[in-house]
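Remember, it's 1-based here, ligands and their atoms both numbered in the order they're listed.
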Amino acid sequence: MAQALNLSISTSHSPKPLISRRSTPFATAISRFSLNKNPIKTSLFIRASASDPNPSILTSDNGVGSSAVQERAPFPLVSDSSSIEVDAVTEAELKENGFRSTRRTKLICTIGPATCKPEQLEALAVGGMNVARINMCHGTREWHREVIQRVRRLNEEKGYAVAIMMDTEGSEIHMGDLGGASSAKAEDGEIWTFSVRAFDSGLPERTINVNYDGFAEDVKVGDELLVDGGMVRFEVIEKIGPDVKCRCTDPGLLLPRANLTFWRDGSLVRERNAMLPTISSKDWLDIDFGIAEGVDFLAISFVKSAEVIKHLKSYIQARARDSDISVIAKIESIDSLRNLEEIIQASDGAMVARGDLGAQIPLEQVPSEQQKIVQVCRQLNKPVIVASQLLESMIEYPTPTRAEVADVSEAVRQRADALMLSGESAMGQFPEKALTVLRSVSLRIEKWWREEKLHEAMELPGIASSFADRISEEICNSAAKMANNLEVDAIFVYTKTGHMASLLSRCRPDCPIFAFTTTTSVRRRLNLQWGLIPFRLSFSDDMESNLNKTFSLLKARGMIKSGDLVISVSDMLQSIQVMNVP
Ligand SMILES: Nc1ncnc2c1ncn2[C@@H]1O[C@H](COP(=O)(O)OP(=O)(O)OP(=O)(O)O)[C@@H](O)[C@H]1O
Ligand SMILES: CC(=O)C(=O)O
Ligand SMILES: [K+]
Ligand SMILES: [Mg+2]
C-alpha cells in the first residue's frame, strides 16, 4: 500500500460515489464535514479484495444538509439496558464528569494483608483499581484463592470489572520469612548471619534464612550483600559452613522474603543465579493454580529470554484451550534488558519492575531504562506497567513526598499504560490514600498534557504481519488522528479479540476509547490498556444496528447524550464512521 489511497465519497446507502476516485487527502474530506453543524454521519469504507489489492476508500456522508440519520433510522428505544456491561466506577465517573475527564492511565494494586478483606477490596475498586495483583512470593495458595474469589464476587455482585494479575516468585535469591516477624531492623555495624540451614526450632537472633542452597558456596569474603536492591547493605566478613557472617553497612528495615543480590568489585555476581530457571518448579505449580483460577494476567518474574515466554504461552494454550491469559514479562534483570525487544515481542505486555531492576543495574540508570521500555512497548503495541516505589513513603505516611509525585507524573507523562502499587497497598497503612494519589496525579497530568498539547508524536512503526492487519492498523492510526483533529468526544471500537482496541490505544488519542467486546475475558484484559473503557456487549456484523443499539443503551444509562461527536471503527467492517449521537 505504497501509493496514495483512492478516496471516494458516497452516501452509505448509495453505492454510487458522489465524488468518484479522487485522490483527496483524508483531512480535506473530513474537514468539510466537520464544519457542518447538523448531525454528522460520515463513513470511510476501506475495501480491499484479493483481486484488487489496492483498497479503495469510500466516504459516505448522510448527514450533510439533512437530518438523514433520524429520518432513515429511527433508534429503537431499548429499555433493557442490562445487555451492556461496564465497570460501575467508570460509569459513575462518565456520568458525573463526562468523556474528557475519564482517567486514561490504568491502576494496579498489589493485594496483601492490608487490603485482602472484602470491604478493603471494594474500597480499592471504588478508588479506581483496574487490576488486582497477587504476588506468589508471599502467602499461601489458599490465601490467594480467597482473594481471587472475593474480587470475582465484587465484580459479579457490585458491577466492577477488576482483572486479576498473578505474579510469579521466580527463582532469584530471597531471604526467608523472618520466623513470622513482619519486619526486622538491621542497625549499622551489627553482625547478622545469612544461612542456608533449616532451623527447626525458630530462627536464632539476627539470623536470616536464604532460599538458595548454593549461597554459602558462591559468596566470597568482601562481597557486598544488597537486600531489596540496596534498601539495606551488608559486607561478607566470614564464611562458616552453611553460615555467612555479614556486617551491616547501610542500616534499614528487613522485610520477609526480600530479594538478595551480591556484588563483587562493584558489579553484580550473576553467574550462579543465571543458572537458575526463570520459572521454578514452585512457579509451575503456581501457574497451574493461576490457570485453574482463571486469572487474566500472568506476570513472569526475572524473564531472561523470549524463549521462556514462548514456552509458557504454548503451555497455557495446551492447558487452557479457550482461555486467553495474557503473559506479562517483568523486566527486572540485566538479561531482560539485553534481550528487551524480543522478550516484549513474545509477550502480551511488560512491567518495568524497578525494585529488582535497581538491584541489578546502577540506580541512576533506571530512569532511562524505564523510558526505553515504555517506548519499545508502545512501538510493539504491548501494554506496559511502571512498578515499584512509586509512593514508597506512603507505606508509613498519609501524604507522598514531592519527589514521589514527580515520579508518578513522569510515568504518566511517558504515557505508560498502567501504574502499580506494591507495598503501599499490600502492607502499607494508607492503601486507599495511595490509590487516590495515583488517580489524581494521573488525571491532572493527562489533562495538562492534553490542554498544552505537550505530547510529542512518537514514531509508530508498522507492526502488522498480514495485509488485513495492516488495514486495521491504518484505520486505527487514521481514526485516532481524525479524533484529535475533529476534537471528537469519544472513539467507539467494536472488537471481538480486542486487537483493534489496542491499536487505537497505542495512538494515545486525546479522547477516551469505548471498546465494545463480546466476551468478559477480553473486556477484563482491556482493563490494562491506556485510554480504553471496556464494555461487554453482544453485537452483530451489522454496524448500523450495533451503533443504534449502543447509542440507545448508553443514552438510557446517561453515559452519552445527543450531539456528542463520536468516531466508530470495527474489526468486522473496515470502516471509519464519524457521527453525532442522535
Ligand atoms: N500476600 C502477601 N502476604 C503478605 N505480605 C505481602 C503479600 N503481598 C505483598 N506483601 C508485602 O508487601 C511487600 C511489597 O510487595 P511486592 O509485591 O512489591 O513484593 P516484593 O517482595 O517487593 O517482590 P517483587 O519483586 O515480586 O515485587 C512485600 O515485601 C511483603 O512484605
Ligand atoms: C515488581 C517487582 O517485581 C519489582 O519491582 O522488582
Ligand atoms: K514476584
Ligand atoms: Mg521483582
Enquirer: Could you point out which residue of Arg378, Arg508, Lys382, Arg525 forms a salt bridge (Lys or Arg N to Asp or Glu O under 4.0 Å) with Asp417?
Expert: Arg508
Enquirer: To the nearest 0.5 Å, how far apart are CD in Glu122 and NZ in Lys117?
Expert: 14.5 Å
Enquirer: Can you tell me which residues line ligand 2 if we count any heavy atom under 4.0 angstrom from one of its atoms, in chain and number order?
Expert: Arg133, Lys330, Glu332, Met351, Ala353, Arg354, Gly355, Asp356, Ser388, Met420
Enquirer: Could you tell me whether Asp335 and Lys304 make a salt bridge, using a distance below 4.0 angstrom between a side-chain N and a carboxylate O?
Expert: no
Enquirer: Does a donor on one side chain and an acceptor on the other come within less than 3.5 Å for Arg104 and Thr102?
Expert: yes
Enquirer: Which protein N, O or S atoms lie under 2.8 Å from the Mg ion (ligand 4)?
Expert: Glu332 OE1, Asp356 OD2
Enquirer: Angle at the K ion (ligand 3), SG of Cys137 to OD1 of Asp167, rounded to 10 degrees, please.
Expert: 160°
Enquirer: How long is the straight-line distance from CD1 of Ile331 back to CE of Met351, given to the nearest 0.5 Å?
Expert: 10.0 Å
Enquirer: From Cys377 SG over to Arg506 CZ, what is the distance, rounded to the nearest 0.5 angstrom?
Expert: 11.5 Å
Enquirer: After noting the C-alpha distance and the side-chain angles of Val236 and Phe262, does the key distance pass the side chain to side chain contact (heavy atoms under 4.5 Å, CB included) rule?
Expert: CA-CA 9 Å; Val236 177; Phe262 50 105; over 6 Å; no
Enquirer: Any N/O/S atom, backbone or side chain, of Met136 lying under 3.4 Å from the K ion (ligand 3)?
Expert: no
Enquirer: Give me the one residue out of Ile111, Leu435, Thr110 that meets side-chain contact (heavy atoms from CB on, under 4.5 Å) with Leu421.
Expert: Leu435
Enquirer: Hey, does Leu526 have a side-chain heavy atom less than 4.5 Å from the side chain of Gln529?
Expert: yes
Enquirer: Do Asn381 and Ser502 pass the side-chain hydrogen bond (donor to acceptor under 3.5 Å, both in side chains) test, and can you show the C-alpha distance, the side-chain angles, and the key distance before you say yes or no?
Expert: CA-CA 7 Å; Asn381 194 28; Ser502 73; 3.1 Å; yes
Enquirer: With rounding to 10 degrees, what does the angle Thr168:O / the K ion (ligand 3) / Ser301:OG come to?
Expert: 50°
Enquirer: Any chance the side chains of Arg354 and Gln370 put a donor and an acceptor closer than 3.5 Å?
Expert: yes
